[in-house]
Amino acid sequence: MQNNNNLKIAVFPVAGMGTRFLPATKASPKEMLPIVDKPLIQYAVEEAVNSGIENLVFITGRNKTSIENHFNKAYEIESELKIKNRKKELEMIQNIIPSHVKCIYIRQNEALGLGHAVLCAKPAVGNNPFAVILADDMILSAKSCLSQMVNRFSDLNSSIIAVEKVEKKFLHKYGVIDGIKHNERDWLLSNIVEKPDNNLAPSDMGVVGRYILKPSIFNILENTKEGAGGEIQLTDAIATQIANEKVYAYEFEGKRFDCGNKLGFLKATIEYGLNHKELSKDLRDYIKNLNIK
Ligand code: G1P
């Protein structure tokens, strides 16, 4: 898909250590954990490419080379598959990223937070608007969350942050917005706070890992001090952006899974399995026959 506006770059912060998923993430990146048959990062990349993004900027860290390898040509497997005439599998691994899409890898040398990770993308992004996708957050929907946001960006030409309603007891895990809802899905923001106390949160709308950001965010990030958890928070930079220009939040259509935690990951595995054309029927039968009380 082409998008008709100038949103061509997506940033994927993938430097995190995945401590919530140990021991699985001791030697492998959490972004490479598979949901059914694809690693988390591949779903994120496919969402970007299907939304018209042409440049993928990965902010990587230690032990993340398997992400680069996943999106590179794999000569040995390809030649094996050619010899065995396994056309379907060959196509599957050759076409993960279409040829017009380019990958850039930038190393985040220190884990200083999501805001710092996004700032690391500045040399690749320059003065362009860009998307940020957190691969942990998977969203099952007819039209991808980023595509929905790209449509809103065409109209609004401002930063847009994906949000969804969150139970009060979990608000402290999220960025939480404040603002005015002016139609079914759009909010004009007056503030945003990272990981507030549940009782002090300005609303019950939590930030989900999809952002479209205007490049003014970079100068702000350069001057953003450590915030929640002692990290440089993207949310704090967005709060400053809100004070300077219009910033919107968008209530996307779709079901979101937090694959950064074990239960969310299991839920995603089940639901993506139930939606998988080869597995759907058998998995459905299997679950029915479990006779869970
Ligand atoms: C990050 C953001 C937070 C957002 C969340 C969504 O937090 O800082 O604002 O609500 O992603 O997944 P993390 O989950 O990395 O702590």
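One-based numbering, in listed order, for ligands and for the atoms of each. Please read these numbers as outputs of a predicted model, since none were measured by experiment.
When only non-hydrogen protein atoms are considered, atom 12 (O) of ligand 1 lies nearest to D137 OD2, 2.8 Å. At the shortest separation from atom 4 (C) of ligand 1 among protein heavy atoms lies V207 O, 3.4 Å. Shortest contact from atom 2 (C) of ligand 1 to any protein heavy atom: E194 OE2, 3.6 Å. In terms of protein heavy-atom proximity, atom 14 (O) of ligand 1 is nearest to R20 NH2, 4.2 Å. Among all protein heavy atoms, the one lying closest to atom 15 (O) of ligand 1 is K195 NZ, 4.7 Å.
Under a 3.5 Å cut-off, the side chain of D186 and the backbone N or O of H182 do not form any donor-acceptor pair.
Salt-bridge annotation for E46 and K38: present, with a side-chain N of the basic residue lying under 4.0 Å from a carboxylate O of the acidic one.
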Salt bridge (charged side-chain N to carboxylate O under 4.0 Å, His left out) assessment of K143 paired with E253:
CA-CA 8 Å; K143 187 181 173 92; E253 208 176 330; over 6 Å; no

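The N/O atoms of K173, backbone and side chain alike, include none that comes under 3.5 Å of an N/O atom in ligand 1.
Judged by the 6.0 Å distance and 45° axis criteria, K267 is not positioned over the aromatic ring of F257.
Below 30°, between 30° and 60°, or above 60°: for F58 and Y105 the angle between ring planes is below 30°, a parallel geometry.
Scanning V208, V176, V132, L134 for the heavy atom closest to atom 1 (C) of ligand 1 points to L134.
Each of the following atoms of ligand 1 lies closer than 4.0 Å to a heavy atom of T235: 9 (O). In the vicinity of R256, heavy-atom distances shorter than 4.0 Å reach the ligand 1 atoms 12 (O).
With no hydrogens or angles considered, a side-chain donor-acceptor pair links N157 and K214 at under 3.5 Å. At a cut-off of 3.5 Å, with distance as the only test, no side-chain donor of S158 or E245 sits close to an acceptor on the other residue.
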